[in-house]
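Since the structure comes first, as structure tokens, the remarks are kept for the end.
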Amino acid sequence: MIVIMRPEATEEHIAGVCERAKEMGLAGHPCYGVQQATISIIGFDQTIAPGDFSALPGVDRVMRVSAPYKLASRQSGLPATAIKISSKVVIGSGLTIVGGPCSVEGQAQILEAARIVKAGGGHMLRAGAFKPRTSPYQFRGLGIEGLEFLADAGRATGLPIVSEVMTPAMVERVADSTDVLQIGTRNMQNYDLLLEVGKTEKPVLLKRGMSATLAEFLQAAEYILSAGNPNVILCERGIRTFETHTRNTLDLSSVPSLKSLTHLPVVVDPSHGTGRRELVLPMARAAVACGADGLLVEVHPDPDRSISDAQQAISAEMFALMVRDCQAIFNVLHPEFARQQVQINAE
Ligand code: PEP
Ligand code: MN
């Protein structure tokens with residue numbers, strides 16, 4: 001249920017609606033729009049009716065949201081969400097390109113990778129310090145030391161950083177050292193982990209489960225939103241199909257579909273989505289052409305020597321070419337952001 005407040009509604013009116021929700025064993029999540037506030041009423045709401053809220057002071061109208069993901073839904077009346085990561089990076093406002101190696105392998109490697117991302121025109125640095133690997137005998141990351149190397153490389157280049165957190169117990173520690181918490185495909189339905197990142201205010205990059213439907217994906221996002229964290233970025237990273245030529249099947253139709261179902265920003269990972277470096281550039285271009293707000297791409301100073309995911313790692317040259325092409329495609333589709341880009345670059 002969404003309660004849409006009148007433009008002149010006061011804080012007291014908003015508090016009154018939240019109080020009514022609380023009395024009914026529900027929770028009210030206010031969201032302040034430019035014109036008016038909306039309040040999402042969340043909980044086991046089968047028994048509530050619009051009339052429970054429509055007569056309260058300051059209320060304009062009440063809408064039922066039929067989707068099971070109430071806060072993530074476009075039906076909630078919220079405009080597209082843009083998520084501020086730093087003074088220069090806002091996901092959902094312009095094209096955001098996140099690049100970096102699969103794993104932090106050492107201090108020199110991650111610093112060099114950060115310089116490649118920066119020089120190539122990328123906006124954020126990614127790398128895993130805690131790696132979920134299929135086999136327990138594969139490299140599972142440098143852990144806390146890797147996180148510190150990554151944070152140093154981010155500081156040295158001025159790039160905000162993204163890194164994966166795998167367990168609820170590590171959320172606080174990983175959040176202390178990163179700008180965005182990544183939830184990997186294997187943990188998309190780890191509900192305790194989703195609730196734990198939902199208790200922080202850190203932006204969360206939520207990867208689609210490798211066999212998750214869009215409805216399941218959005219309900220996973222809903223766990224984070226319902227715990228109080230509104231900063232969720234969805235990431236399409238390919239799904240399992242019968243095709244074995246590629247590592248996964250990059251489902252680009254999910255991008256315009258998600259855009260119509262949710263107000264949350266959507267980024268695409270063509271690296272894990274294909275598993276093949278020669279496919280990263282064409283699929284990155286296609287992702288931007290179909291409406292992605294950003295890309296997450298694996299780039300390595302010496303791609304063939306990557307300790308993890310070497311087959312999909314691209315070179316510095318390829319990364320710079322990808323940024324150039326994707327920015328050009330984005331600018332054609334969104335001329336309003338092309339103008340902003342010129343201003344940011346000139347700063
Ligand atoms: C990653 O981004 O390094 C990663 C492990 O991705 P995924 O969870 O999509 O496999
Ligand atoms: Mn990887």
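Side-chain atoms are counted along with the backbone in the values below, which use heavy atoms only and exclude waters and symmetry mates. Numbering of ligands and ligand atoms starts at 1, following listing order. Everything quoted here is computed from the prediction, not taken from an experiment.
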task = Before signing off on this row, confirm whether Arg126 and ligand 1 have an N or O atom pair separated by under 3.5 Å.
result =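 By distance alone, the answer is yes.
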key: Within-shell test, Arg208 vs ligand 1, heavy atom, strictly < 4.0 Å   =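 No heavy atom of Arg208 comes that close to ligand 1.
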query = What are the two closest heavy atoms between His245 and Glu243, and how far apart are they?
reply =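 Scanning both residues, the minimum pair turns out to be N-OE2, 2.9 Å.
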task = Would you name the heavy atoms of Gly128 and Lys131 that are closest together and state the gap between them?
result =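 Taking every non-hydrogen atom into account, CA-CD, 3.7 Å.
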key: Metal-centred angle, the Mn ion (ligand 2) as apex - NE2 of His272, SG of Cys102, 10° resolution   = 170°
request  = Give, rounded to 10 degrees, the angle between OE2 (Glu298) and OD2 (Asp309) as seen from the Mn ion (ligand 2).
outcome  = 130°
request  = Please determine if Asp176 and Arg173 form a salt bridge, counting it only when a charged side-chain N lies under 4.0 Å from a carboxylate O.
outcome  = no
key: Name of the residue among Arg237, Arg126, Lys207, Arg208 meeting side-chain hydrogen bond (donor to acceptor under 3.5 Å, both in side chains) with Asp269   = Lys207
ask   = Going by the order shown, which atoms of ligand 1 are within less than 4.0 Å of some heavy atom of Glu298?
value =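 This gives 3 (O) as the contact atoms.
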ask   = Which of the atoms in ligand 1, numbered in the order shown and given with their element, are less than 4.0 Å from a heavy-atom of Gly184?
value =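 By the 4.0 Å cutoff, the relevant atoms are 8 (O).
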Could you tell me the residue and atom name of the protein heavy atom closest to [atom], and the distance to it rounded to 0.1 Å?
{"atom": "atom 8 (O) of ligand 1", "value": "Thr185 N, 2.8 Å"}
{"atom": "atom 7 (P) of ligand 1", "value": "Lys207 NZ, 3.5 Å"}
{"atom": "atom 1 (C) of ligand 1", "value": "His272 CE1, 3.3 Å"}
{"atom": "atom 10 (O) of ligand 1", "value": "Arg237 NH2, 2.9 Å"}

message = I'd like to know if Met124 and Leu264 are part of one continuous hydrophobic network [Ile/Leu/Val/Met/Phe/Trp/Tyr, side-chain heavy atoms within less than 4.5 Å].
response =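 No, separate clusters.
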Between the side chain of [X] and the main-chain N/O of [Y], is any donor-acceptor distance below 3.5 Å?
{"X": "Asn331", "Y": "Ala328", "value": "no"}
{"X": "Thr213", "Y": "Glu216", "value": "yes"}
{"X": "Asp179", "Y": "Ser86", "value": "no"}

ask   = Counting only heavy atoms, which portion of Met210 has something under 4.0 Å from ligand 1: side chain, backbone, both, or neither?
value =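 No part of Met210 is near ligand 1 at this cut-off.
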